[in-house]
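Reading through the structure tokens given below for one structure.
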Protein chains: 2
Amino acid sequence: MAVLLDTKCLVCKKSSDIFNVLKESELEKIDCNKASIIYKPGEIIFKQGAPANYFVCVTSGLVKLYIEHVNSRNLIVGLTRPINYIFEPGPFVDHHHHVTAVACEETSACLIDEKVMKQLIKTNTEFANEFIKKISLQSVSLFNRISSCTQKHVYGRVADTLLYLYPGIYNTNPFLLSLTRQDLADLSGMTKESLIRVLKKFKDDNIINIEGNKLEIINRNNLEEIARKG
Amino acid sequence: MAVLLDTKCLVCKKSSDIFNVLKESELEKIDCNKASIIYKPGEIIFKQGAPANYFVCVTSGLVKLYIEHVNSRNLIVGLTRPINYIFEPGPFVDHHHHVTAVACEETSACLIDEKVMKQLIKTNTEFANEFIKKISLQSVSLFNRISSCTQKHVYGRVADTLLYLYPGIYNTNPFLLSLTRQDLADLSGMTKESLIRVLKKFKDDNIINIEGNKLEIINRNNLEEIARKG
DNA sequence: TTTCTGCGTTGATATATATCAATCAAAAGG
DNA sequence: CCTTTTGATTGATATATATCAACGCAGAAA
């Protein structure tokens, strides 16, 4: 299972997302009230429905966030790369998680006590502001996802997924997928079989090249066109 | 078109959502930097893609928020009843609206200058906190909507819609719909025809009763069961 | 009045996508 | 080593839902 890790917030401060507006004393406060943990691929960081009394900041690896459903089909609502705070509305609403977070690669994350975070939001207005900006960004991304999954056909949805993956999640082209085909399907709101057929079509049309887990985007303009038309 | 209205924030303070943590002086600040407007049914309050440099608070009526799409199918992401601040991430991200807001009934709303709101967030931590809570609530609602629209069949989706309408949007049973069938379809992520067929099925099964715009929920348990099963 | 327009309704048909089933390759485990 | 499991792929088929078309009705407009 998860392994404990020891890192000071000050060290990873440089590129640390919303936390870089904090003073040293505030970061130390977080240091004293966080757990730094390593997860193996496939391990659950938190689960939909479970109590949410800490905030999670991803410090390395890749995390998928998905909504579970009775019929066992999941919908991935977002991927998180370091260094990034995972927005989960739960702590501010009903203290339960509304999505499940799972490590896709070996991942390290800091679990920060809810009380400390909330206190920082109340005492440091700059931090509160960054926090709101962060939430807003995630909301926009959520709007895009809803829009894609409910209003577009399979081709448009897969195009959206590919454009979301590069750049952003993967930053070389070609890149080596750490996501399974099922993950890509869950990210595109369709079955694995449908996803594979669409990828094959894209490959036949020379829009992408895919061999196993090596994926290359060849014609980005074409992908954007497909995403736009739906 | 829109008609100007004159109301003091202090007057509608009592039930005024996130604003009730503000001091009198702060409310006066808003008073001086807001426009209070009346919209007729069907009128646009703000439009997706347009610049977003004010915040909107609904003070009477009913507002639908929807994502537009090229093929002219809209997806309603939420309805807002007074008194409620409409969360739009735009002002914190790219200063553009990401949804369109339209009045479904005669509606009055206050348009509050972005700068003033942001300043209040920066100076009043209590307000910032309420603001974050509000955003979080809307995010949860967004998760529910995504979950419903992407993972459930038509029956489950319409059940979700009906349960969302009562209670919450309408608070008597039976209630008089101010939404059209098309609105209900946009809220359920399907075509008008499909929606009508599902409503008919529910009526035949004695789950609801619907005559024109009068809708009564007869068997709520059954609806919840259908919503759960998808 | 008549005409027109928008909304609601119903039926017939088309189609996008899921489901089911089989196969293959690679990885994991004994 | 062989066996088992897991993920990827492909084809055949089923089905949920959209699309298309027609009609009724009520309110608005001429």
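Here is how names work: the chains are called A, B, and so on, in the same order as the sequence lines, proteins then strands, and each is numbered from 1.
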Do we get B/R145 above B/Y164's six-membered ring, with its NZ or CZ under 6.0 Å from the centre and within 45° of the axis? yes
Under 6.0 Å from the ring centre and within 45 degrees of the ring axis: does the NZ or CZ of B/R197 meet both conditions for the six-membered ring of B/Y155? no
Check this for me: does the side-chain of B/R197 come within 3.5 Å of the base of D/dT19 through a donor and an acceptor? yes
Has the side chain of B/R181 got a donor or acceptor atom sitting under 3.5 Å from an opposite partner on the base of C/dG6?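 Check fails, no donor-acceptor contact within cut-off.
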Between A/Y39 and A/E43, what is the shortest heavy-atom contact and its length?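 Here A/Y39 and A/E43 meet closest at CA-OE1, 3.3 Å.
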From the set D/dT17, C/dT10, D/dT19, return the single nucleotide nearest to any side-chain atom of B/T191. D/dT19
Round to the nearest Å and state the distance from [X] atom [atom1] to [N] atom [atom2].
| X | N | atom1 | atom2 | answer |
| --- | --- | --- | --- | --- |
| A/N213 | D/dT9 | CG | P | 9 Å |
| A/E193 | C/dA22 | CD | C1' | 12 Å |
| B/I210 | C/dG8 | CD1 | P | 9 Å |
| A/I196 | C/dA25 | CD1 | P | 15 Å |

Contact class for A/T180 vs. all strands (heavy atom < 4.0 Å): base, sugar-phosphate, or nothing? sugar-phosphate
Cut-off 3.5 Å, side chains only: do A/H95 and A/E114 have a donor facing an acceptor? yes
